[in-house]
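The structure appears right after this line, and notes come after that.
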Amino acid sequence: MRQKEKPYNWIGIVLLFVVSAFGIWKTVFLSADIDESYAVTLGIRLAHGDRLFKDMWEVHQTSAVLYAPAIFLYEKLTGGVEGLLIFLRLLGTAVSLTLSVYGYLVMRRWVNPSFACFLSALYFNFTPKQIQSPEFTQLLYWGIFLLGLALLEHARTARKCFAIVTAVSLCVCVLAYPYAVWLFPVCLLILWQPYREGGTTKWREFGVCAALFTLVCAGLGALFILYVLSGVSVKELIGNVPYVLMDASHEQSFRQMWRMHIVSLGEMLYPTFLIMLIAQVSMRIDKKRAGARSRFTIAAAAAAQAAAFVWQFHTIRKVNFTILLPLILQLLCFLGYAYWILTREDLLPEGAAKADLTEGNRTFLLAIGVPSVCATLTVLSSSNLTANYSMGFLLPALLALCMASERTLVRICAGQRAGREKALALSMRLLVLVFGILLLTTRVFLVRFTSTQRKNVFEGYYKTTHGPLKGIRLGENDYRQYEAKTAALREQVSEDDVFLYVGCDLFLYSQLPCRIGTGNTISTPAFGEQLLAYYEKYPDRIPTVMFVDRGYVADFSQELEKEPFKSFVEARYVRDESVTDAPVSVYRLREEPQALFVK
């Protein structure tokens, strides 16, 4: 049963489109930072002929396969990388818009069109890192949503074409995060659901579906392996994989990683847990009026959670793109708790049946929600950051839970004249609306850059005129640094050089006239055994010129305290004392190095 549309719903949708349009402009044309530069560098390396697992030892290198062809085509059509970042951001915007429109077409079959439009707009205006161009987190965000929508359509129609879309989506997820391969049995289990009837399974039809899904996954996987082996031998590939996993930025143990995640989850969830605890105690006070009290209590708790959202958003200062991520987890947990309370048999309104309230909800909670949660667990299992950085992948699950909650509220309010049901629906919808407003505020006003402090659209920006950032507006300090570093690159590096950069502004790699002198361009540079192993295997990649960003490390001798990179640099390089006014220190390879490797 759908709620009758009201005219002001569509007025809100029009305003939502206007706000989204400004958000697109801001995300495409303002600022550029460390993570995006790393993703662009990965694509540039592939487009320029570097080979996976040979020249490239980055842990996220497989994701670049999906967008490197676009970079290659752009360079062929334009003759260079001028304005490349705007092109990639527009490409990412087109993908997000396509998925959002498709999401609307799917979701409107289950909820009112205006609410489906609102949810699809939330998806469109959110990215896990406030990065619009293709990169590994954004690719997983796209892939897992398309996978969920395909599974939902398959559950509704049992058409085999959606199994194919599911397989393609899963392969995108695996390229973005190889650990996502464990979603394969999860997808098979969800694909099995439409073939169950009355406790029996149509095994023949399911077998055809499962075989088709498996063959597409295996076929695409085989094509990828053949592509990898076109640039590296099997022996070399097997030998290099352990080096790729040596990445020092991901070196903490599994136990340390999950201990860090659990602490982070507790810090994010304590406001919501406190609200749910108070609500649970309140509902046990008057057992005779448990149903009425539960609906009143959930309404009050939803209002409290909305107030907590606003308070957290206003008071958190040390933030960048992470400001919204804890709220996603909090809203998911609160809506899950509220849905459980509102559909309990002993708390239902008089004359209501749980089967009527939850009809169909299980379908999209399973199809969209479960893969989203699994994707989040996948990222947590391989992340070197605290758990709050990974909560963006829960947004598809949150959208599914919003759909289930809305459908349940419509059924609870149908035919009910009591004010408590109306108050419940109003407060729950207000909570989701507050979250949506904060999401749009983040999209429109907050700007991501390489720092942990807030930056907004009202600060001063300067338009770049060259390089991959051409047309992008940067903050004053970022603009001056970009201009100075690119000038130093043009003056100090020639086509015959091999270049290594020690710092966070990896856009330098995307405009090099020469080869990159490292296997791992990870944006949190780590110099140790992995780097020297790369040079030992591929001595032609030993840098002839090395830039050390003074903004990254004022005194490079401090960085050199860590062996074995210290001995390697001291034995082979000499600082160019003639470079004094650049924001980088320049080191050049000695004509007669003391030793190839000093350990």
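All residue numbers in this chain count up from 1 along the given sequence.
By the 30° and 60° cut-offs, the orientation of the rings of H261 relative to W258 is perpendicular. Relative ring orientation between H60 and F136 is described as parallel, the plane-to-plane angle staying below 30° on a 0-90° scale split at 30° and 60°. Ring planes of Y243 and W57: parallel class, angle under 30° (limits at 30 and 60°).
Inspection of the H466 and T486 side chains reveals an N or O donor paired with an N or O acceptor under 3.5 Å. Residues S585 and R550 have side chains that bring a donor and an acceptor to within less than 3.5 angstrom of each other. For the residue pair Y482/D505, the side-chain donor-acceptor check at 3.5 Å is not satisfied. A donor-acceptor contact under 3.5 angstrom links the side chains of S133 and E36, judged on distance only.
For Y123 and F145, the distance between ring centers is under 6.0 angstrom. For F213 and F184, the ring centers are positioned less than 6.0 Å apart. In this structure, the ring of F126 has its center less than 6.0 angstrom from the ring center of Y141.
Within the 4.5 Å cutoff, the side chain of V263 has heavy atoms near those of the E267 side chain. In this structure, the side chains of S510 and V81 stay at 4.5 Å or more apart for every pair of heavy atoms. Residues Y227 and L52 form a side-chain contact, since some pair of their non-hydrogen atoms from C-beta on lies under 4.5 Å apart. When side chains are defined from C-beta on, N520 does not count as touching Y534, because their heavy atoms never get closer than 4.5 Å. Using a 4.5 Å heavy-atom cutoff, the side chains of Q61 and V244 are in contact.
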Inset, instruction - Evaluate the side chain to side chain contact (heavy atoms under 4.5 Å, CB included) criterion for residues L500 and Y535: first the C-alpha distance (whole Å), next the side-chain angles of each, then the deciding distance (0.1 Å), finally the verdict. - result: CA-CA 12 Å; L500 173 66; Y535 294 151; 3.8 Å; yes
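No donor-acceptor pair closer than 3.5 Å links the side chain of S96 to the backbone N or O of N125. Looking only at distances, a side-chain donor or acceptor of S264 sits under 3.5 Å from a matching main-chain atom of N388. A donor-acceptor pair under 3.5 Å is absent between the side-chain atoms of D497 and the main chain of F499, judged by distance alone. Looking only at distances, no side-chain donor or acceptor of S390 sits under 3.5 Å from a matching main-chain atom of V379. Counting only distance, with no hydrogens or angles, the side chain of E82 and the backbone of G467 share a donor-acceptor pair below 3.5 Å. Although no hydrogens or angles enter the test, the distance criterion places no donor-acceptor pair under 3.5 Å between the side chain of T518 and the main chain of T521. In this structure a side-chain-to-backbone donor-acceptor pair under 3.5 Å is missing from T442 to L446. Proximity of a side-chain donor or acceptor of S63 to a complementary backbone N or O of A176 within less than 3.5 Å is not detected.
Here the shortest heavy-atom pairing between C117 and L16 reads O-CD2, 4.4 Å.
Ionic pairing of R515 and D55 is not present here: no N-O contact between side-chain nitrogen and carboxylate oxygen is shorter than 4.0 angstrom. Ion pairing between D35 and R448 holds under the 4.0 Å rule for side-chain N and carboxylate O. Salt bridge annotation for D50-R541: present, with a cationic side-chain nitrogen under 4.0 angstrom from a carboxylate oxygen. Of the charged side-chain nitrogens involved, at least one lies within less than 4.0 Å of a carboxylate oxygen, so that R45 and E58 count as a salt-bridged pair.
Remark: of the listed residues L46, L139, V40, L139 is the sole one forming a side chain to side chain contact (heavy atoms under 4.5 Å, CB included) with Y67.
Under a cut-off of 6.0 angstrom, the local environment of OH in Y461 is crowded, with over 12 non-hydrogen atoms contributed by other residues, nucleotides or ligands. Environment of OH in Y179: sparse, with no more than 12 heavy atoms of neighbouring residues, nucleotides or ligands closer than 6.0 Å.
For the side chain to side chain contact (heavy atoms under 4.5 Å, CB included) test, residues two or more places apart in sequence or in another chain that qualify with T27 are Q132, R443.
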